[in-house]
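Below is one structure; the comments refer to it alone.
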Amino acid sequence: MNRRNFVTGSSLLTASAALPFALSAQEPAVLKYQDAAARRGLAKLEKRIGGRLGVALTDAKGGIALAHRGDERFAMCSTFKAPLAFALVDAADKGQVDVKKSFAVTEEDLVPYAPFVEEQIAAKKMVTLEQLAKATVKLSDNAAANLILKAIGGPEAFTDFVRRRGDTVTRLDRIEPFLNENKVGDPRDTTSPIAFAQLMHGMMSGKSRLANWSIVYDAMASSKTGLGRIRLGLPYGWPVGNKTGTAGDGLAYNDVAIFWPSFAGYEGDEPRFLTVYTDRPTASAAIVERTIVEVAKIAAWIAPRQN
C-alpha cells in the first residue's frame, strides 16, 4: 500500500478521518475516544501477530502519548545502533576517540551482515569511526557496530552512556550477533518501549538535545532498512528517520523512529518518537511487518495533538 493511502487501510483511522487534528486537540471527548480506540487497536494488532507487541509514542514534550506493554522488556536487536552512534559522539566530545582517524579493518572484524565493512576490506580501504557510525545506522552493518563498541569501551560503556542520559532500563551486554539471542526471561540486551522512546527524545529533541543530533538523524532518514515498517504507515510528506532491529528465526521484528507530524516539515512541529517491539510473534514476517505499519497509522492519528 502506498503511504499516500495510509488512512484507508484501517477502519479505526477511517473513523477518525472526519475529525480534524485541530478539533481533536481541543475537545476532551474526542481525546478520550482517540485514546480508547487506539488502545483497542493495538490490542487487536497484538492478537493478529501472536506473541507480544510493545509500543510507545512520545508527545511534543517527551511525555508518553500512547503505550502498549510500554514498561515490559523486549530485545533491542539492532535498534541499539541509533543510541550507539550518540555514544560514539559523546566519547569523541570527551576526547576519548578520534572519529576522523583512519584505520584498517580485516577479515577478523567480520560478522554476519557487514556490507560496508566487507566492501572496504575488498577494496583494501581504510575506514574512520565516523564512516562506521553512518554504516551502523544507515545499513545496520554489524561489524561496524562492533568496531564502534570496541572503540568506546564495549557494551558496558554503552549502558553507562544511556544511564547518564537518565535511562535506567536499557542495557547492552553483548556484541553482534549474540545480542539478538532473545532468550525467554533474559534481561540482557533489552529495553522497554517507553524507556527507548524517551531516551531518543532526550538525545534528539528539547533542551537536552545533543549538539550533533542531526548527524544521527541524517543517517536514520537515509536508512535502507525498514522501508516497509513504521515509514510506510506515516503520512507521505512527514519527515521521518528510523532504525530497525530483527532477531533470527522470527523471534523479533522491531522499529524505532523519529518523525515530525506536519506537512510543513521540520519547522511545523516538535518531533515525536515511536518505538515498536515484538517478541516471538507466531505470524509470518510479512504479517508482522504489515502490523508495524498499522501501529504507525494509529500513532499518526494520535501524534498531531497539541500538548
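Counting from 1, the numbers follow the sequence of the chain as shown.
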hydrophobic_cluster_shared for [Y] and [X], side chain cutoff 4.5 Å:
X    : Y    : answer
I258 : L232 : no
V240 : W260 : no
V162 : L149 : yes
M126 : I121 : no
I175 : L251 : no

* To do: Take K81 and E176 through the salt bridge (Lys or Arg N to Asp or Glu O under 4.0 Å) test and state the conclusion after the steps.
  => CA-CA 11 Å; K81 292 170 182 172; E176 292 281 11; 3.5 Å; yes

* Asked: Do you see a donor-acceptor pair shorter than 3.5 Å between the side chains of S140 and K243?
  ->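 Distance-only check passes for S140 and K243.
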
Show the nearest heavy-atom pair for residues [X] and [Y], with the distance to one decimal.
X    : Y    : answer
V216 : A85  : CG2-CB, 3.9 Å
L234 : A296 : CD2-O, 3.8 Å
N254 : C77  : ND2-SG, 3.8 Å
R231 : L227 : CD-CD2, 3.8 Å
F80  : A145 : CZ-CB, 4.1 Å
D173 : P187 : OD1-O, 4.5 Å

Which pairs would a plain distance check flag for residues 108-119, meaning a side-chain donor or acceptor within less than 3.5 Å of a matching protein atom at least two apart in sequence or in another chain?
unit_1, atom_1, unit_2, atom_2, d
D109, OD2, T106, N, 2.9
Y113, OH, L139, O, 3.2

* Run the salt bridge (Lys or Arg N to Asp or Glu O under 4.0 Å) check on R164 and D90 step by step: do they pass? -> CA-CA 11 Å; R164 287 187 281 112; D90 180 70; 3.2 Å; yes

So [Y] and [X], do their side chains get closer than 4.5 Å, heavy atoms only?
X    : Y    : value
V276 : L53  : yes
R69  : L42  : no
L45  : I298 : yes
R48  : E294 : yes

* Honestly, is R52 close enough over F74, meaning NZ or CZ under 6.0 Å from the six-membered ring centre and within 45° of the axis? ->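 Pair R52/F74 counts as cation-pi.
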
Rounded distance [0.5 Å steps], [atom1] in [X] versus [atom2] in [Y]:
X    : Y    : atom1 : atom2 : answer
S223 : D218 : OG    : CG    : 12.5 Å
E181 : L179 : CD    : CG    : 10.0 Å
N146 : L84  : CG    : CG    : 9.5 Å
M220 : T225 : CE    : OG1   : 9.5 Å
L57  : W301 : CG    : CH2   : 13.0 Å
S102 : K125 : OG    : NZ    : 12.0 Å

* To do: Could you tell me which residues satisfy side-chain contact (heavy atoms from CB on, under 4.5 Å) with K124, sequence neighbours excluded, listed by chain and number?
  =>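 K124 satisfies side-chain contact (heavy atoms from CB on, under 4.5 Å) with no other residue.
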
* Asked: Among T244, T246, N242, which one satisfies side-chain hydrogen bond (donor to acceptor under 3.5 Å, both in side chains) with R229?
  ->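 Among T244, T246, N242, the one meeting side-chain hydrogen bond (donor to acceptor under 3.5 Å, both in side chains) with R229 is T246.
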
* Check whether more than 12 heavy atoms from other residues, nucleotides or ligands sit under 6.0 Å from atom CZ of F178, and answer yes or no. =>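 Count not over threshold, so no.
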
* Asked: With under 30° as parallel and over 60° as perpendicular, where do the rings of W238 and F259 fit, or are they tilted in between?
  ->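 Answer is parallel, since the angle falls under 30°.
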
* **Trace of the salt bridge (Lys or Arg N to Asp or Glu O under 4.0 Å) decision for D186 with R188** => CA-CA 6 Å; D186 189 348; R188 291 180 298 172; 2.8 Å; yes

Between [X] and [Y] (side chain of the first, backbone of the second, donor and acceptor by atom type, cut-off under 3.5 Å), is there such a pair?
X    : Y    : value
T79  : D255 : no
T278 : Y253 : yes
T275 : P193 : yes
T58  : F273 : yes
R174 : N180 : no

Below 3.5 Å, can you tabulate the donor-acceptor pairs from side chains in residues 196-214 to any protein atom, sequence neighbours excluded?
unit_1, atom_1, unit_2, atom_2, d
Q198, NE2, G62, O, 3.1
H201, NE2, G62, N, 3.3
S208, OG, G202, O, 2.8

